[in-house]
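Computation of the quantities below employed the complete heavy-atom set of this structure, encompassing side-chain atoms and omitting hydrogens, waters and symmetry-equivalent molecules. Quick caveat: nothing in here was measured; it's all calculated off a predicted structure. We name chains A, B, ... by the order of the sequence lines, and we start the count at 1 in each one.
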Amino acid sequence: MRLTRYFIPTVKEVPSEAECASHQLMIRAGMIRKVAAGVYDLLPLGLRAVRNVEQVVREEMNRAGGLETFLPSMIPAELWEETGRWQFYGKELLRIKDRHDHEFCYGPTHEEVMTDIVRREVKSYKQLPLTLYQIQTKFRDEIRPRFGMMRAREFMMKDAYSFHTDEDDAAKGYERMFKAYEAVFKRAGLKFRAVEADTGNIGGNSSHEFMVLADTGEDTIVSCPACSYASNVEKADVPSPGPYAAAAPEPMTEVATPDQRTIDEVSAFLKRPSASFIKTLIYTVDDKEQVCVLVRGDHEVNEHKLKRILDATTLELAAPEAVLKVSGAQPGFVGPQALKIRIVADHAVRGMANAVTGANKDGYHVVGVNEGRDFKAAAHHDLRNVKPGDRCARCQKADLEFHKGIEVGHVFRLGTKYSKAMRAVYLDKNGKEQIIVMGTYGIGIGRVAAAAIEQSHDDNGIIWPWGLAPFQIAVLPLNVAKPDIAEAAAKIEEELEAAGYTVLHDDRDERAGFKFNDADLVGYPIQVIVGDKGLKNGEVELKIRKTGERLNVKLDGLKEKLRETAAVLAAS
RNA sequence: CGGGAUGUAGCGCAGCUGGCUAGCGCACCUGCUUUGGGAGCAGGGGGUCGGUGGUUCGAAUCCACUCAUCCCGACCA
C-alpha cells in the first residue's frame, strides 16, 4: 500500500483531551477521531488494528467450537422485560423509541437476544451443547467515558454464549472458553492475568476477568505470591479474622465533636486511631428499606459483597434526609446504638471493644461502644475491601499483592438465570423438560487494541505487537525524487506484499526525518529504509521498532532476513 | 448526579479590565532551494470567536440562558 493513496492523518501535537498513552497515540497515529463523548471514528489504520484483533478472536472462538452470528444492535424492550433487566440495568442502558412509540434499547450485551434464538430453535438435548458468538458494536451509556477506546460508550465487543444440558457440561464449556481466551491474549502479545471477579450486572454463579497488567488500568486486582489465588478487589475475600481480644467494657460516654464528620477528622480531633472507630453507614436497599452497615473505621465497605449478602438489586448510600429519619442525626454523626433498622456488620467489628462511633446527635460522637451491650448486629459477614497488608484468604501464607489492570475479557457461568426467566428448555433423553444451562463470554475488541498500546509504546510512539500491527512493515524511501530509490522501494513493496506481509510504502515526497518520526509514531514493527548510501552497495537498512536495532541487508537476502526477524517478533 | 474548568482557523494556544482590519505556532496551498531523525526563504488560503438573547454608539471581550467538551468526586457517616 502506498501512503500517498492511503489515509494516515498523524498529528504532532497531543490533543488536550487525551490523558492516557493509548488514547493520545491512537489519535496522533491517525487511528481514531472523536465524534462525541465516548464515541469514535475508526480511521483506516485504526480499523486495520481492530480487524486484526477480531481475526485472532474469531479464529480462537471457532477453534473452541463457537459459531459466528450477527444479532441486531436494536433490541425490543419486551425481551429485556422478560428477564427484568429493562428495569434493573439502569441508566447505562440507552433506551430509544421508534415512530410507533415502541421501546427499544441499543444492546449493551445480548443474553436475551441469544437466549431467544435458542429457546425458539433448540428443542432437544441432541442439539446441545451450542456456542454462538458475534463481533458487534455495543452501546453502554457510561457515567463517565474516558481514556478513548479504553472506556468508550460505543465499542466493539465479541460476545459468546454457550448453552448446555447441565452444570457439568457448562463447566466444560467454561473451561474450553477460558483456554480460548488465554490463547487470544497470548496471540495479541499481552501480559495478562485471569482473576476471580464479581458478576455484576450480568449475574450468574462464578466468573473470571482477564486483566491486562498496566498502571493506567481502572481496576485493582490482588494476587497471592504464595498460591495461585488472584482476584479483582471487588470480589477478593478477606481472610477470616483471628480470635478476639477481650477488653473490659467501659461506660458509653458522649463527647462533643463539633463539625467533625469524617473518620479522619474525628480521629484527629479525639486523638484515637481510625481502627478504633466503627464506621456506620446507612444504605437504601432496593429503593425502599434502610439498612445499617458497620465496618471498622480504617476499612472500606465493599458494595459488591454487600449487595450479594443483602440479595439486593439496587444499593445506594441513603440520602441525608433518610439518614436523619432513621438516626436522628446528619451523616457523620450516626452510630448503631438504638437504631431500629437492620444492622449488618463486618467480621472485624465483632472484635472491637470500647469503640468510637457517632452519637446519633449532630455534633457528638460516643466512646466506649461495645457490641452486645450497646447495639446488636443481625449478622456478621465479610463486607470490606481487602487492603494492603491483608493475608491471602486462600492459603494464609503471604500478603496479597496489588496491581492495576485493564479488563479485556470476562467469562461467566450463568447457570439458568436467563434460560429460566425466558423459558429456554429442552427435552432430555427421557422426554423430560429441562432448563438449559448457560455461559456468557465477552472480549472488548477495541480495548484489546488500546491495552496493547498501553503496554507497548515509548516516547516516540506505538510499538505494535506483530500479531496486531495494522501494517507489519514500513518501506521508507528516503528521497523519492531520485528514481533509483523510488523504483527500488516500489519493487520491495511489491515483493514483500507478494510474500504475504502487510506493507505500507511511504512514497510521500517528504524528508527523511519526517518519515522516520511518522513511522516510529505509527509503530510498524519493521522499517525497511531505502537510502542512497545503502543502495549503492545493493543494500537496504532494517530497523526493528521494538529494539531500535538496525542492520544493513543485501537486497537479495532481504526476504530471508525478514522471515527470521518476523519469526522472532511473532514469538516475542 | 455533585463540584471545577474550558469552548477563538484542521490541531495547540494568545487576545477577554468593552475600542482599530481577530492574532501566533504547527498543519494546508504555490514557487525556489533543500533531502538519513518532524527543513529554509518568499508568497497565499482558511474564522457566523460554541449557540441564543440582552446591555451598549460599539461585544470574542460584560450579563443571562443554553449546548458541548474535559477534569475531579460520587466511600460522607
Side-chain angles (χ1 to χ4, degrees), chain A residues 9-20 23-24 27-28 30 33-39 90-91 143-148 257 259-267 274 277-283 290 292-295 297-304 306 315-320 322-324 326-336 339 356-365 383-385 387 459-461 476-482 485-486 506 508-521 527 529-535 540-541 543 548 550 552:
Chain A
T10 56
V11 286
K12 243 189 284 185
E13 278 166 300
V14 184
S16 53
E17 77 212 31
E19 324 109 81
C20 71
H23 190 191
Q24 290 178 359
I27 292 171
R28 290 190 53 212
R33 289 292 185 264
K34 190 177 73 174
V35 177
V39 179
K91 289 190 178 152
I143 299 174
R144 191 144 93 83
R146 57 187 128 181
F147 304 133
T257 50
D259 295 325
Q260 313 293 313
R261 290 165 174 271
T262 67
I263 297 272
D264 282 349
E265 285 165 2
V266 183
S267 165
S274 56
F277 283 63
I278 296 175
K279 194 187 277 188
T280 310
L281 297 96
I282 309 296
Y283 276 91
Q290 266 79 42
C292 171
V293 178
L294 306 179
V295 295
D298 58 331
H299 290 158
E300 290 176 352
V301 170
N302 180 315
E303 292 188 356
H304 298 92
L306 184 59
L315 185 69
E316 54 190 351
L317 280 166
V323 174
L324 186 65
V326 299
S327 73
Q330 293 290 327
F333 302 106
V334 180
L339 289 189
V356 186
T357 189
N360 293 325
K361 183 167 147 193
D362 287 353
Y364 290 88
H365 281 73
L383 289 177
R384 70 170 175 96
N385 283 333
K387 60 177 207 170
D459 291 346
N460 297 322
L476 309 179
L478 294 189
N479 187 344
V480 295
K482 298 199 170 163
I485 294 183
D506 189 350
R508 293 175 300 178
D509 185 10
E510 290 288 353
R511 302 165 66 86
F514 189 91
K515 292 189 182 187
F516 289 144
N517 283 318
D518 242 21
D520 285 351
L521 173 61
Q527 296 171 17
I529 300 160
V530 187
D532 242 346
K533 294 179 225 159
L535 215 51
V540 291
E541 186 176 324
K543 179 184 162 185
R550 295 158 180 278
N552 292 314

key: Most 5' of A/G358 and A/N479 on RNA chain B, judged by nearest nucleotide   = A/N479
inquiry  = For a 4.5 angstrom cut-off between non-hydrogen side-chain atoms, does A/N360 reach A/V334?
reply    = yes
query = So what does A/D362 hit on the nucleic acid, given a heavy-atom distance under 4.0 Å: a base, only sugar-phosphate, or nothing?
reply = nothing
5' priority, RNA chain B, between A/P331 and A/I143 [closest heavy atom] = A/I143
inquiry  = So if I apply the side chain to side chain donor-acceptor pair (under 3.5 Å) rule between A/N385 and each of A/H299, A/H304, A/E300, which one comes out positive?
reply    = A/E300
request  = Please state the C1' separation for the pair B/C62 and B/G47 - nearest whole angstrom.
outcome  = 22 Å
key: Distance, rounded to the nearest Å, where A/Q24 contributes CD and B/G12 contributes P   = 12 Å
inquiry  = To the nearest 0.5 Å, what is the distance between CD on A/E303 and CD on A/E316?
reply    = 9.5 Å
Between B/G43 and B/U48 - C1' atom distance, rounded Å = 28 Å
Gap between atom CG of A/L294 and atom CZ of A/R384 - 0.5 Å precision = 14.5 Å
key: Atom-to-atom span, OH of A/Y283 to P of B/A74 - whole angstrom   = 12 Å
key: Distance, P atom - from B/U66 to B/G10, rounded to whole angstrom   = 28 Å
inquiry  = Which nucleotide wins on minimum distance to the side chain of A/D518, given the candidates B/G36, B/G38, B/A77?
reply    = B/G38
request  = Could you tell me the separation between the CZ atom of A/F516 and the P atom of B/G36, rounded to a whole number of Å?
outcome  = 9 Å
request  = Round to a whole Å and report the spacing from CZ of A/R28 to P of B/C11.
outcome  = 16 Å
inquiry  = Please give the distance between the P atoms of B/G73 and B/U55 as a whole number of Å.
reply    = 43 Å
inquiry  = Measure CG/A/L281 against P/B/A74 and give the value in whole Å, please.
reply    = 13 Å
message = Quick check for you: to the nearest 0.5 Å, what is the distance between A/I27 atom CD1 and A/K34 atom NZ?
response = 8.0 Å
message = With rounding to the closest Å, how many angstrom separate the P atoms on B/G40 and B/U52?
response = 40 Å
message = On the side chain of A/E541, is there an atom forming a donor-acceptor pair with the base of B/G36 - under 3.5 Å, no angle test?
response = yes
request  = Sticking with atom P, work out how far B/U6 lies from B/U17, rounded to a whole angstrom.
outcome  = 14 Å
task = Look at all strands and tell whether A/V11 reaches a base, only sugar-phosphate, or nothing, counting heavy atoms closer than 4.0 Å.
result = nothing
Between protein and nucleic acid, restricted to nucleotides 25-27 of chain B and to nitrogen or oxygen atoms under 3.5 Å apart, what atom pairs and distances do you find?
from, atom 1, to, atom 2, distance (Å)
B/G25, N2, A/E13, OE1, 2.8
B/G25, N2, A/E13, OE2, 3.3

Any donor-acceptor N/O pair, A/K515 side chain to A/L478 backbone, under 3.5 Å = no
query = Would you say A/D362's side chain and A/A329's backbone share a donor-acceptor pair under 3.5 angstrom?
reply = no
key: Spacing between A/D509 atom CG and B/U30 atom C1', to the nearest angstrom   = 15 Å
inquiry  = Of the options B/A77, B/G36, B/C72, whose atoms approach the side-chain atoms of A/K533 most closely?
reply    = B/G36
inquiry  = Strictly distance-based, threshold 3.5 Å: is any side-chain N or O of A/D518 a donor or acceptor partner for the main-chain N or O of A/F514?
reply    = no
query = When the P atoms of B/C11 and B/G51 are considered, how many whole Å apart are they?
reply = 15 Å
key: Check: A/I278 main-chain N/O paired with A/T357 side-chain donor or acceptor under 3.5 Å   = yes
note = A/D532 CG to B/G36 C1', in whole Å, measures 10 Å
key: Atom pair CD1 (A/I143) and NZ (A/K91), whose distance is rounded to the nearest 0.5 Å   = 9.0 Å
request  = Just compare B/C71, B/A77, B/A39 and give me whichever is closest to any side-chain atom of A/R511.
outcome  = B/A39
task = Using the P atoms only, state how far B/C13 lies from B/G7, rounded to an integer number of Å.
result = 9 Å
ask   = Within the structure shown, what part of the strands sits under 4.0 Å from A/T262 by heavy-atom distance: base, sugar-phosphate, or nothing?
value = sugar-phosphate
query = When all nucleic acid strands are considered with a 4.0 Å heavy-atom cut-off, which category describes A/A318: base, sugar-phosphate, or nothing?
reply = base
ask   = Should A/K482 and A/L535 count as side-chain neighbours, where that means a heavy-atom distance under 4.5 Å?
value = no
Short heteroatom pairs, N/O only, protein and nucleotides 68-70 of chain B, under 3.5 Å:
from, atom 1, to, atom 2, distance (Å)
B/U69, OP1, A/A37, N, 3.1
B/U69, O3', A/K34, NZ, 2.8
B/C70, OP1, A/K34, NZ, 3.4

request  = Could you check whether A/V14 gets within reach of a base, just the sugar-phosphate, or nothing at all, counting any heavy atom under 4.0 Å?
outcome  = sugar-phosphate
